[in-house]
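Note that the structure is predicted; figures quoted are calculated from it, not measured. Hydrogens, waters and symmetry mates play no part in the numbers below; they use all other heavy atoms, side chains included.
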Amino acid sequence: MGLKLFGTVAALGLAASLLASGASRADEKPIIIGAAIALSGDIAPYDDGPAKGMELAIEAINKNGGLLGRQIKIIYSDTKSDIAYGATAAQDVIDKGADMVVVTCDYDYGGAAATVADSKNLIAFSTCAGDPKFGPSGIGPNAFTMATGSPGQAALMAEWAFQKKGWKTAYVLLDTSIAFDATWAATFQKRWVELAGADNFLGQDTFGGEDTSIASQITRIKALPKQPDLIVICSYPPQGPGAIRQLRAAGLNQPLLGSESWDGDYWLEAVPDLSNMYIVTYGSIFGTDPRPEAQAFFKAFQDKFGVRPVTSHSMTGYGVIQAWTKAVTDAGTLDTDKVRAVLQTFKDVPTLVGPTTYTETVHINMQRDMIVLGIQNGKHGNSEGVFRAQEVPQ
């Protein structure tokens, strides 16, 4: 299966140097990738797919000669979806010999682990932390993410809603639990105002992730002089579905817009028969992705693991391995300073999640193709098409 997937990815134009360099020798110690991620708890659905995506890529590399003449091995330490436990999990994999550390798909939940790795002068790659602070400004020079940043996602959705759907007025409901959503909300507002005008952004309200009721927020929305054409729900499962359920019960049936955090259908039973919601994400795990490379990846995933991915974030796990192994191959060494220097020269390097660019100061991508999926009648995955943000406010 690994050879089959390698052939598929190579056919997309990805250089073979992404996957192999030299003949592997049995007496060489393996290169160790340490994954300090959530294997249990509420955040596990976001890390499960990327972990398996990494395993797919590593299997392909090992079957095609390894990296720098050595096999790659991945080891895990469970953060238990506990922000405070991230540092312990990172130290655990480092103590076991990790040459690079992979952390959780979120700035808040992965930041502590990345900070530990950075302090040990190891590359720390998040599979899909979307907040721009995941990098030199928020963690350190060795922190990179394979995500398309929250500003790029939010700008894309604002453009899609205004230009493709013709909606004119918007309102944002922000869950204050994580930095990703705050950045997403702020960028959506900026881009919406640019597109539709300040008078057509009708406001923003907040709720805490632990809140069980948003009755007062709903009252304020209903009291607006005019009702919004759409409501942006900047939240994520497991707490976000409760807010959606209350909005719908109160008769607020406007289109709901959301980020990649709403990918997958594992949470949909909490909002029975949900309709008229649209999200942006990396790919469609539901067989509706128009891109052959995404379809091939999801098929390979299903063939190996016997189930489809929980979310399309699995694509970012594969991309992390592509990017890091290319940098190691080009550097000819595992030396962190040299690998980091190569990563920072990336300019539209092809990966499964799209062209990847890094600089000395920016270790996240903002403008990539992403798919917009609709949720109708309790079914998640109707494709609205693939889009890219035209402009991303700073």
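- Phe180 and Ser150 get closest at one heavy-atom pair: CE1-CB, 3.5 Å.
- Note that OG1 of Thr311 and NE2 of His380 are 10.0 Å apart. Values are rounded to the nearest 0.5 Å.
- Between Gln344 and His363 there is a side-chain heavy-atom pair separated by less than 4.5 Å.
- The salt bridge (charged side-chain N to carboxylate O under 4.0 Å, His left out) pairs that include a residue from residues 145-154 number zero, where partners must be two or more places apart or lie in different chains.
- Going from atom CG of Leu56 over to atom CG of Asp303 covers 9.5 Å, rounded to the nearest 0.5 Å.
- When side chains are defined from C-beta on, Phe125 counts as touching Trp324, because their heavy atoms get closer than 4.5 Å.
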Apply side chain to side chain contact (heavy atoms under 4.5 Å, CB included) to Thr357 and Val349, showing your working. CA-CA 7 Å; Thr357 298; Val349 170; over 6 Å; no
Please determine whether side-chain hydrogen bond (donor to acceptor under 3.5 Å, both in side chains) holds for the pair Thr104 and Asp47, giving the CA-CA distance in whole Å, both sets of side-chain angles, and the decisive distance to 0.1 Å. CA-CA 6 Å; Thr104 282; Asp47 280 346; 2.6 Å; yes
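- Under the 4.0 Å criterion applied to side-chain N and carboxylate O atoms, Lys80 and Asp78 are not assigned as salt-bridge partners.
- The closest side-chain heavy-atom distance from Thr145 to Tyr358 is not below 4.5 Å.
- Each of Thr127, Asn365, Val353 was evaluated against Met146; a single residue qualifies, Val353, per the side chain to side chain contact (heavy atoms under 4.5 Å, CB included) test.
- Side chain of Gln322 to backbone of Leu352: a donor-acceptor contact under 3.5 angstrom is found.
- Ser383 contributes atom OG, which lies 3.5 Å from atom CD1 of Ile371 (distance to the nearest 0.5 angstrom).
- The salt bridge (charged side-chain N to carboxylate O under 4.0 Å, His left out) contacts involving residues 81-102 comprise Asp92-Lys96, where partners must be two or more places apart or lie in separate chains.
- The ring pair (Phe, Tyr, Trp, His ring centres under 6.0 Å) with His313 is formed by just one residue from the set Tyr318, Phe301, Tyr282; it is Tyr282.
- Taking the six-membered ring where tryptophan is involved, the planes of Phe188 and Trp184 are essentially parallel, since the angle between them stays under 30° and well short of 60°.
- Under the 3.5 Å distance criterion, with hydrogens and angles disregarded, a donor-acceptor pair is assigned to the side chains of Ser312 and Thr281.
- Within the 4.5 Å cutoff, the side chain of Tyr171 has no heavy atoms near those of the Val232 side chain.
- Taking the centre and axis of the six-membered ring of Phe387, the NZ or CZ atom of Lys164 falls outside the cone set by 45° and 6.0 Å.
- At a threshold of 4.5 Å between non-hydrogen side-chain atoms, the residues Glu360 and Pro136 do not count as touching.
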Take Cys105 and Thr316 through the test side chain to side chain contact (heavy atoms under 4.5 Å, CB included) and record every step on the way to the result. CA-CA 9 Å; Cys105 175; Thr316 68; 5.6 Å; no
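- For the pair Leu252/Ile221, a side-chain contact is recorded, criterion being any heavy-atom separation below 4.5 Å from C-beta on.
- Contact detail for Ile285 and Val310: the closest heavy-atom pair is CD1-O, 3.4 Å.
- When all heavy atoms of Ile43 and Ser81 are compared, the pair lying nearest together is N-OG, 2.9 Å.
- Shown here for Pro393 and Thr187, the closest heavy-atom pair between the two residues is CD-CG2, 3.9 Å.
- Across all non-hydrogen atoms, the minimal contact from Gly41 to Pro45 is O-CD, 3.9 Å.
- The two residues Ala129 and Ala147 come nearest to each other via the heavy atoms O-CB, 3.1 Å.
- Salt-bridge formation is not detected for the pair Lys168/Asp229: no Lys NZ or Arg NE/NH1/NH2 atom is positioned less than 4.0 Å from an Asp or Glu carboxylate oxygen.
- For the ring pair (Phe, Tyr, Trp, His ring centres under 6.0 Å) test with Trp267, the passing option among Tyr236, Tyr46, Trp262 is Trp262; the others fail.
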Checking Gln71 against Glu28 for the side-chain hydrogen bond (donor to acceptor under 3.5 Å, both in side chains) test, could you report, in this order, the C-alpha distance in whole Å, the side-chain angles of both residues, the deciding distance, and whether it holds? CA-CA 8 Å; Gln71 296 285 283; Glu28 288 273 14; over 6 Å; no
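- For the pair Glu55 and Lys304, the salt-bridge criterion is not met [side-chain N within less than 4.0 Å of a carboxylate O].
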Checking Thr176 against Thr206 for the side-chain hydrogen bond (donor to acceptor under 3.5 Å, both in side chains) test, could you report, in this order, the C-alpha distance in whole Å, the side-chain angles of both residues, the deciding distance, and whether it holds? CA-CA 7 Å; Thr176 58; Thr206 62; 5.9 Å; no
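- Here the side chains of Asn121 and Arg340 are in contact, with some heavy-atom distance below 4.5 Å.
- Asp175 and Ser235 share a donor-acceptor pair across their side chains, judged by distance under 3.5 Å alone.
- Interatomic distance, CZ of Arg248 versus CD1 of Ile218, reported as 11.0 Å (0.5 Å rounding).
- Put simply, NZ on Lys338 and CG on Asp330 are 13.5 Å apart, with the number rounded to the nearest 0.5 Å.
- Rounding to the nearest 0.5 angstrom, the gap separating the CD atom in Glu391 from the CG atom in Leu195 is 8.0 Å.
- Counting only heavy atoms from C-beta outward, the side chains of Ile279 and Ser259 never approach each other to under 4.5 Å.
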